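Take a look at the structure below.
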Amino acid sequence: MAISSKTTWDLAPAPESSDHVDIKKTYGLFINGKFVPSVSGKTFTSINPANEQALSSVAEAGSEDVDKAVKAARNAYNKHWRKMPAAERAKYIFRIARVIQERAREFAVIESMDGGKPIRESRDVDVPLAANHFFYYAGWADKLSYAFPNRNPSPLGVAGQIIPWNFPLLMAAWKIAPALATGNTVVLKPAETTPLTALKLAEVIQEAGLPEGVVNIITGAGATGAALVNHPDINKIAFTGSTDVGKLIQRAVSGSDKKITLELGGKAANIIFEDAAIDQAVEGIINGIYFNQGHVCCAGSRLFVQESVYDEVLEKVKYRIESLIVGDPLDKNTDIGAINSKEQLQRVKHYLELGTKEGALLHQSSCKLPKKGYWCKPSLFENVSPSHAIAREEIFGPVLAVQTFRTVQEVITKANNTPYGLSAGVWTDKGAKIFNLSSRMRAGVVWANTFNQFDPVSPFGGYKESGYGREGGLHGLSSYLNLK
Amino acid sequence: MLKTYKLYIGGAFVRTESGRYLKLKNAKGDVIANVCHASRKDLRNAVTAAGKALPGWSGKSAFNRSQILYRMAEMLEQRGPLLVDEMVLMGLTKTAARREVNLCIDRTVYFAGWCDKYSQIFSSVNPVASPHFNFTVPEPMGVIAVVAGKDTPLLGLLSNLLPVLAGGNTAVVLAPEAYPLSSVFLSEIVNDSDVPGGVVNLLTGLHQELLPHLAGHMGIHGLIVDDCSQETAASLREQCAENLKRLFLRDSDWTDPESQHPYLILDTQELKTTWHPIEVISGMGSGY
Amino acid sequence: MPAPSTTKPARPDFRFSPRVDQVGIEERAKRIQTRSIKNESKAQGLKMVLSMMDLTTLEGQDTPGKVRQLCHKALHVHDELPGLPTVAAVCVYPSMVAVARAALGESEINVASVATAFPSGQSALEIKLADTKMAVDAGADEIDMVISRGKMLSGEYDYVFDEIAAIKEVCGKARLKVILETGELDTYDTVRRASDIAMHAGADFIKTSTGKIQPAATLPVTLVMLQAIRDFHRATGRMVGMKPAGGISTSKLALHYLMLVKETLGEDWLDKHGFRFGASSLANDVLMQLMKQQTGFYQSADYFSIS
């Protein structure tokens, strides 16, 4: 199935306009309803990973700033938020949802500029899901007693929340919406490479008229996060990020009564049986690993193909890779944008080299990459064995490790042979097999004949070292409640 | 001659591989029994046995698990007088022992009844916006270690163990140091109640010695510790970070009827959400 | 069911045609519609659309005069815009083939004729063969036949296969397009199976619809057929063409069809031998878009001759 050269029909650039977005030259910390500089005056620069240009200079919060933010949150909790009738609380959250919808285009463009993800995804996935998440949890605020029969749910207090750079706005929504709905106040720290949409969200929160201090957003890197985790007046830590940092957090709070929930790494198996609808499975493989440049904790990074259809599946996957457009995240046709940071690109490159060294066979798209910025071609490894690092460790990039299997029992064993347990995919036309496989995957989310679907009503979270606690749905409420 | 109480691992009554024994004394200071002083190797063997038993036990129908736990309650009732005697031997008054045994029977019946109901309480069908059927169900967490508190000979142990078993998990249980005899008595009941070997593994020994090994063991998915000090709690949280095992620190008064509820089962469940596409024909959406 | 023929090559068991997941295929088709085709790629695409068009009139009220008008339009799609390609074919009923053939003269534009008791196909094989022969004898370069949907739905796959193979024989040099009438086939699985049957029986093109049944062509149903074409090519090395027909009336949608072809089959299929549009009102929309690109002004239908 070679692409011939007799006709070439390429897409002309179709950039989304960025004229209408308002990115300030500098951003302060959002504490007690106002943007304020950090006590130390320190700042850091957020850059566009697609062209390495500076976007904004952002305040870096130190421990004094963290303390101010926690105090503001505590004060807001005691004075306003805890006392407010739940139905009133709900109205504020509804309003946040509505304003995000109204400013969706601006959010989408900034998300793509700050993080490198294609505008198609930020526009069609991240931003609408973020708004929907606020809508969903807003409605829970005055209905909590129905969620937990025979319990009296009560808020925990001040929640410290730390989110990653792969879905900056969406993760902020996943954290803030349920915390507010359950009556907690919040100090949120976005990732240092992608602070801008969280700061835009702070503007939305101002616009929605939330009482001062109910949501505080502080920017900074690991040290800021550590100061938040270690602050004595925090009742709850919610973290999404790497398993290593998750473990550090659990150790750090071990001497306290802080509740924690952790959404950590993954190395999901995506299993293709010979009786699957192969073309849709191929699409699922592509979506599973190349969505958001593979910067997805639930990415289907371990592909298992039944031997009888291996050649067909691989041929089709390779062909489909060729049609993926890699480039300018703001171009409406881009399928794969920029790698989020230089550091992450190095990590991905390390695994590309390591995989080859381990004896796996690397295949990459023949696409051309832009000269400036951080880029990685969609890649896959064949001849992978279960012991290879590329089959065991989370790469968090557009790199697929392909393995084969012959029997159902074999693939169940191989799929579960990992310390992680966040997600899994199963592709077969046989219903009975789906129920067997999905129940035997040791993973919190199983996509059967689909992959990488998300919805505010659908609980998300891991088994084993992928963390604990659920986000989304009814089950996501309990992470922010005492149930006595 | 004094009786030597054995460990219960993988469905067999075994002596500790260490050859160490603890002497159990009554209030007057008389030695009343020899009890195995379990080592970390015994612990390792127990975890292995629990891991092996997991697919069978978690794969049994909920109804079947319910029947087996109810059978345990019947056995407890049947052998109740003997259990009372064991407790009296360990220093309880006859009245207190009878009351404890009755509570133990009731609690077992209570959780036997939950086996095929809790997932209906805690599951959900989630109305996603896309054409997919989406549902969330609780699934057994895996191998759970249960460390019994020191206040009761058996009730605390059972109150923590039963929700684990009802939820389809297998267990490694550390008996209360002060009351090993009733725990070993329980393992005989377990053994005679159609509970498959390895589902419950019971160790007697010193908590402070074994706790770090429980917390650090990579094959244990959840750890329940009843009634422990602040310092122990802090070090357990830290040690459990190694494989992110789920840690539950409890301090209920297990004689309080309010202390029994299905949320105890939910603690050692993982929630799984499954998605599947739904065909939409002629613009008619599905009813979910 | 007729006894298995001993003279024909062994047929695959079409019960085992690949399955199609409805939600998955529709997601993929929807994603194609997020492709933004602008500027030079739009101009190039629109010209391709024109060159792949089968201008069609299939009405009970068709007359030689109407057919001549259509042929004139085919020859002069829009003289104000020089350098445009001609359309691929004019598609008419068998009774009008001779008229069209004469009207098109020596041009490269093919005459396509529907046949086989179009549109329902509810007739005896002999009638269908005669219908086809009549069109071929009158000078048709291409035959657009319909399959027996009733037989297809009742599982008589061999019947459907044999019928197509028989028509193919009568076609001689004429290229055979096989209309599945996907709007009557109920599921994508059946569309896929019918595509496989048609290709194995000798189709040069597979085509979605007669234009008489709703829904006619859709992006997902076309994608199912394109995937069948790709798998057939992979297995046999033979290139089969694709023709969605009916319901494609805007340039934007037509361009998304081309994008679907490009991403599914590759650019080898991006000419009139690999892909056709069966449409009547699409041509003028394409022309208006091309004029707009050239002049910068939005156009009005009043300035484009109706076909």
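It should be emphasised that the depicted structure is a prediction, and the values quoted were computed from it without experimental measurement. Chain letters run A, B, ... following the sequence lines, proteins first, then strands; residues in each count from 1.
In terms of heavy-atom pairs under 4.5 angstrom with chain A, the leader among Ser58(B), Pro127(B), Gly142(B) is Pro127(B). Ranking Met441(A), Lys464(A), Arg440(A) against chain B, the residue ahead of the rest is Lys464(A), based on heavy-atom pairs under 4.5 Å. Of all the listed residues (Ala252(A), Gly473(A), Ser256(A), Gly472(A)), the one sharing the greatest number of non-hydrogen pairs under 4.5 Å with chain B is Ser256(A).
Within 6.0 Å of atom NZ in Lys143(A), more than 12 heavy atoms from other residues, nucleotides or ligands are found, so the atom counts as buried in its surroundings. In the displayed structure, Gln230(B) atom CD is contacted under 6.0 Å by at most 12 heavy atoms of other residues, nucleotides or ligands. Within 6.0 Å of CZ in Arg151(A) there are more than 12 heavy atoms belonging to other residues, nucleotides or ligands. For NZ of Lys430(A), the number of neighbouring non-hydrogen atoms (other residues, nucleotides, ligands) closer than 6.0 Å is 12 at most. The number of heavy-atom neighbours closer than 6.0 Å to CZ of Phe148(A), taken from other residues, nucleotides and ligands shown, is above 12. The environment of CZ in Arg40(B) is sparse: at most 12 heavy-atom neighbours from other residues, nucleotides or ligands sit within 6.0 Å. Applying the 6.0 Å contact sphere to NZ of Lys52(B) captures no more than 12 heavy atoms from other residues, nucleotides or ligands.
Proximity to chain A is limited to the backbone of Met141(B), based on heavy atoms less than 4.5 angstrom apart. In this structure, the portion of Phe135(B) lying under 4.5 Å from any heavy atom of chain A is its side chain and not its backbone. Heavy atoms closer than 4.5 Å to chain A are found in the side chain of Asn134(B), but not in its backbone. Only the side chain of Ile434(A) comes within contact range of chain B, with heavy atoms under 4.5 Å apart. Within the 4.5 angstrom heavy-atom criterion, no atom of Pro138(B) approaches chain A. For chain A, the nearby parts of Glu242(B) are the backbone and the side chain; heavy atoms of each come within less than 4.5 Å.
A pairwise comparison of heavy atoms in Asp257(A) and Arg237(B) identifies OD1-NH2, 3.7 Å as the closest pair. Taking every heavy atom of both residues into account, Pro277(B) and Ala448(A) meet most closely at CD-O, 3.1 Å. Of all non-hydrogen atoms in Gly255(A) and Ala234(B), the two that sit nearest each other are CA-CB, 3.8 Å.
The closest side-chain heavy-atom distance from Thr450(A) to His276(B) is not below 4.5 Å. Looking only at side-chain heavy atoms (C-beta outward), Val445(A) and Lys272(B) stay at 4.5 Å or farther from each other. Put simply, the side chain of Ser438(A) reaches to within 4.5 Å of the side chain of Thr274(B), judged on heavy atoms.
Judged purely by distance below 3.5 Å, without hydrogens or angles, the side chains of Tyr468(A) and Glu270(B) never pair a donor atom with an acceptor atom. Side-chain contact, His261(B) with Asn150(A): no donor N or O sits under 3.5 Å from an acceptor N or O.
For the atom pair Trp275(B) CH2 and Phe451(A) CZ, the distance stands at 12.5 Å (nearest 0.5 Å). Between the OG atom of Ser478(A) and the CG atom of Leu271(B) there is a distance of 8.0 Å, given to the nearest 0.5 Å. Between the CG atom in Leu264(A) and the CG atom in Leu244(B) there is a gap of 6.0 Å [rounded to 0.5 Å]. In this structure, Cys240(B) SG and Arg251(A) CZ are separated by 10.5 Å, a value rounded to the nearest 0.5 Å. In this structure, His221(B) NE2 and Tyr463(A) OH are separated by 11.0 Å, a value rounded to the nearest 0.5 Å. In this structure, NE2 on His475(A) lies 7.5 Å from OG1 on Thr273(B), to the nearest 0.5 angstrom.
With sequence neighbours excluded, the residues satisfying ring-ring contact (aromatic ring centres under 6.0 Å, His included) with Phe167(A) are Phe291(A). A search for side-chain contact (heavy atoms from CB on, under 4.5 Å) contacts involving Ala138(A) returns Ile93(A), Phe94(A), not counting sequence neighbours.
Between Glu465(A) and Lys245(B), none of the side-chain N atoms (NZ, or NE/NH1/NH2) sits under 4.0 Å from a carboxylate O, so this pair counts as no salt bridge.
Contact residues of residues 411-424 of chain A toward chain B are absent (heavy-atom distance under 4.5 Å). Contacts from residues 453-462 of chain A to chain B, taken as heavy-atom pairs separated by less than 4.5 Å, involve Gln453(A), Phe454(A), Asp455(A), Val457(A), Ser458(A), Pro459(A), Gly462(A) in sequence order.
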